[in-house]
Amino acid sequence: MSSAVSRGATPATPDRQPRLTVLSGPSGVGKSTVVAHMRKVHPEVWLSVSATTRKPRPGERHGVQYFFVDDEEFDKLIANGELLEWAEFAGNRYGTPRQAVLDHLAAGEPVLLEIDLQGARLVRESMPEARLVFLAPPSWEELVRRLTGRGTESAEVIERRLAAARVELAAEKEFDETLVNTSVEDVSRELLALMLNNSGE
Ligand code: ADP
Ligand code: 5GP
């Protein structure tokens, strides 16, 4: 028998079943850096691997950071209802494979999605119990520095992502929590603490 403490009769969500957590925030704020740190230091958190039509950056591997697919394959994922949500971002499409997320939640594992703002809104609609966490930069200047300093995008793509970032920063108030990414270690610790706290507040 489980040693879980029951606080009431047949709760809709058992106390020990973690909520889905969504990490979002402007491009360049450090989402994938935080997620990579979580993968290394907190393997108990299950990280959803998205499908994308974007080309891999140096060091990115199929099935680890993303499932890299072409447009035709992405169309099929949509048509077959295999995506929990998907969005177009800066000229590429990104989507969350549905079944893996549901399976890991059902198994009682804390599940983390790192997705863009449009995706976060779609998850909120389809899974209102999900916890939305906004990763904020310490300042706008620091965000520009990070996005430019990453050196993986052309000037045109950086411009497009900065334009999106301006809109995304304004959406912070729609989120349940904000974490400021000054230190990757601190943010990862705070994120884990949020994820392991099932009370929801
Ligand atoms: P995102 O996934 O949100 O687009 P990245 O994780 O690719 O952002 O980070 C963008 C850049 O900022 C990278 O060069 C990364 O090394 C750097 N970075 C991320 N977090 C921090 C931090 N806390 N302090 C300084 N630089 C950071
Ligand atoms: P990048 O190209 O920098 O890896 O990601 C670009 C944006 O796409 C980021 O804001 C990232 O959070 C978002 N993203 C990654 N995977 C998904 C996904 O499955 N769905 C949605 N909606 N956005 C995603």
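Numbering of ligands and ligand atoms starts at 1, following listing order.
Here's the thing with Arg146: one of its N/O atoms is less than 3.5 angstrom from an N/O atom of ligand 1.
Residues passing the side-chain contact (heavy atoms from CB on, under 4.5 Å) test with Asp186, sequence neighbours excluded: Ser183, Arg189, Glu190.
At a heavy-atom cutoff of 4.0 Å, ligand 2 is contacted by no atom of Gln65, backbone or side chain. Contacts of Glu85 with ligand 2, taken as heavy-atom pairs under 4.0 Å, involve the side chain alone. Of all the heavy atoms of Thr182, the ones lying under 4.0 Å from any atom of ligand 1 belong exclusively to the backbone. By the criterion of a heavy-atom distance under 4.0 Å, the side chain of Arg161, and not its backbone, is placed next to ligand 2. In Phe89, the part holding a heavy atom less than 4.0 Å from any atom of ligand 2 is the side chain.
Scanning Pro26, Gly28, Ala36, Ser24 for the heavy atom closest to atom 4 (O) of ligand 1 points to Gly28.
Not a single heavy atom of Gly149 sits under 4.0 Å from any atom of ligand 1. Under a 4.0 angstrom heavy-atom cut-off, Glu168 registers as lying outside contact with ligand 2. For Ser27, the heavy-atom gap to ligand 2 stays at 4.0 angstrom or more.
In this structure, the protein non-hydrogen atom closest to atom 9 (C) of ligand 2 is Lys31 CE, 3.8 Å.
The existence of a salt bridge linking Glu73 and Arg93 is excluded, since no basic side-chain nitrogen approaches an acidic carboxylate oxygen closer than 4.0 Å.
Interface of Lys31 with ligand 1, defined as ligand atoms under 4.0 Å from a residue heavy atom, comprises 1 (P), 2 (O), 3 (O), 4 (O), 6 (O), 8 (O).
For the residue pair Asn92 / Glu88, no side-chain donor-acceptor distance below 3.5 Å is found, with atom types taken as modelled.
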